[in-house]
Amino acid sequence: MSDSNAQDSIAGSVEHPEKTSDTLAPLRVPAKVIEAFGPDLAKRVAAYAVALEAHRFSIGTPRPVEHPLVEAILAGGGMDAIEITPTPAPPEAEPAPVVETLPIQPPPPPGEITKLRLVEFLGAIGKLREAHALLKLESPAADLTDAELLLRERWLAAQRLDLLSPEVAPLLQAIGIEPTSLIA
């Protein structure tokens, strides 16, 4: 886009003065328009004023013509009478949406599985009743030794089991399952 075309398109954003009682409101010109014309704008307004004054005393010569903004500034009282409005800040980008993520859980140790997975496995191979008998799940607490009661309560409370622990490994071996064979 040529400099002249850029100036023409920018000049459309100028607010022309409105008559308020006996005075004119100042011509409001955005700062970006002033910047588009560069430092020559004030010189062009002054030169146009001189040309119009000289034309007043001429006969048969056409009236001088200048860019509409220059004419509007001169008609509004010159460069001292314009109000330069600040260039609005660009709109702020919307902040990225907050995505809540779940904390990353470290993988379980190699010999650890969920109790549900172990129960499903024992049920699938027909060893669940043997495991219940060894854990004495049906026996009253009074009939158990402290070690047997502790083992049963740990089994009932656990969500994950370490197949290689001193409690689980002997239980699995007692029903004929090698704990390391279950580690994938």
Side-chain angles (χ1 to χ4, degrees), residues 1-16 18 25-41 67-69 82-184:
M1 182 184 296
S2 72
D3 188 41
S4 175
N5 289 341
Q7 292 172 357
D8 289 343
S9 66
I10 292 174
S13 62
V14 174
E15 295 181 34
H16 294 284
E18 301 169 10
L27 179 67
R28 287 179 285 237
V29 182
K32 68 179 183 177
V33 173
I34 301 291
E35 291 168 10
F37 275 86
D40 294 335
L41 182 59
H67 188 277
L69 177 63
I82 66 170
E83 178 183 320
I84 300 174
T85 58
T87 303
E92 291 185 23
E94 290 187 28
V98 176
V99 178
E100 294 199 22
T101 58
L102 297 175
I104 297 175
Q105 298 286 331
E112 193 173 288
I113 63 170
T114 64
K115 184 170 75 174
L116 177 61
R117 184 169 175 203
L118 181 59
V119 167
E120 292 288 335
F121 172 74
L122 293 174
I125 64 170
K127 299 285 188 172
L128 188 57
R129 288 186 196 283
E130 287 181 57
H132 274 233
L134 285 173
L135 290 167
K136 300 183 179 183
L137 292 177
E138 304 299 322
S139 302
D143 295 345
L144 301 176
T145 66
D146 288 342
E148 291 171 330
L149 181 61
L150 180 60
L151 178 62
R152 180 171 79 179
E153 292 303 315
R154 283 183 177 162
W155 172 266
L156 293 173
Q159 292 181 0
R160 300 189 69 79
L161 298 169
D162 181 0
L163 298 174
L164 304 176
S165 72
E167 295 87 14
V168 178
L171 173 72
L172 293 174
Q173 290 167 341
I175 57 176
I177 300 171
E178 183 54 42
T180 56
S181 68
L182 297 177
I183 299 173

Closest heavy-atom contact between [X] and [Y]?
X	Y	result
I84	P30	CG2-C, 4.5 Å
P170	S165	CD-O, 3.8 Å
L122	A131	CD1-CB, 3.9 Å

With L163 as partner, the option from L182, I177, T180 fulfilling side-chain contact (heavy atoms from CB on, under 4.5 Å) is L182

Problem - Main-chain N/O of L144 paired to R152 side chain as donor or acceptor, under 3.5 Å - result: no

TODO: Please check if the side chain of E130 supplies one atom and the backbone of K127 the other of a donor-acceptor pair under 3.5 Å.
DONE: no

Does [atom1] in [X] sit with more than 12 non-hydrogen atoms of other residues, nucleotides or ligands closer than 6.0 Å?
X	atom1	answer
D40	CG	yes
K136	NZ	no
R160	CZ	yes

Could you tell me the separation between the [atom1] atom of [X] and the [atom2] atom of [Y], rounded to the nearest 0.5 Å?
X	Y	atom1	atom2	result
L156	K115	CG	NZ	5.5 Å
L135	I175	CG	CD1	8.5 Å
L151	D146	CG	CG	12.5 Å
Q159	L116	CD	CG	10.5 Å
H132	L137	NE2	CG	5.0 Å
L161	R154	CG	CZ	11.5 Å

Using a 4.5 Å cut-off on heavy atoms from C-beta on, say whether the side chain of [Y] contacts that of [X].
X	Y	result
L118	W155	yes
L41	V33	no
F121	I113	no

task: Report the C-alpha distance between V119 and L128 in whole Å, list the side-chain angles of each, state the deciding distance to 0.1 Å, and finish with yes or no for side chain to side chain contact (heavy atoms under 4.5 Å, CB included).
output: CA-CA 7 Å; V119 167; L128 188 57; 4.1 Å; yes

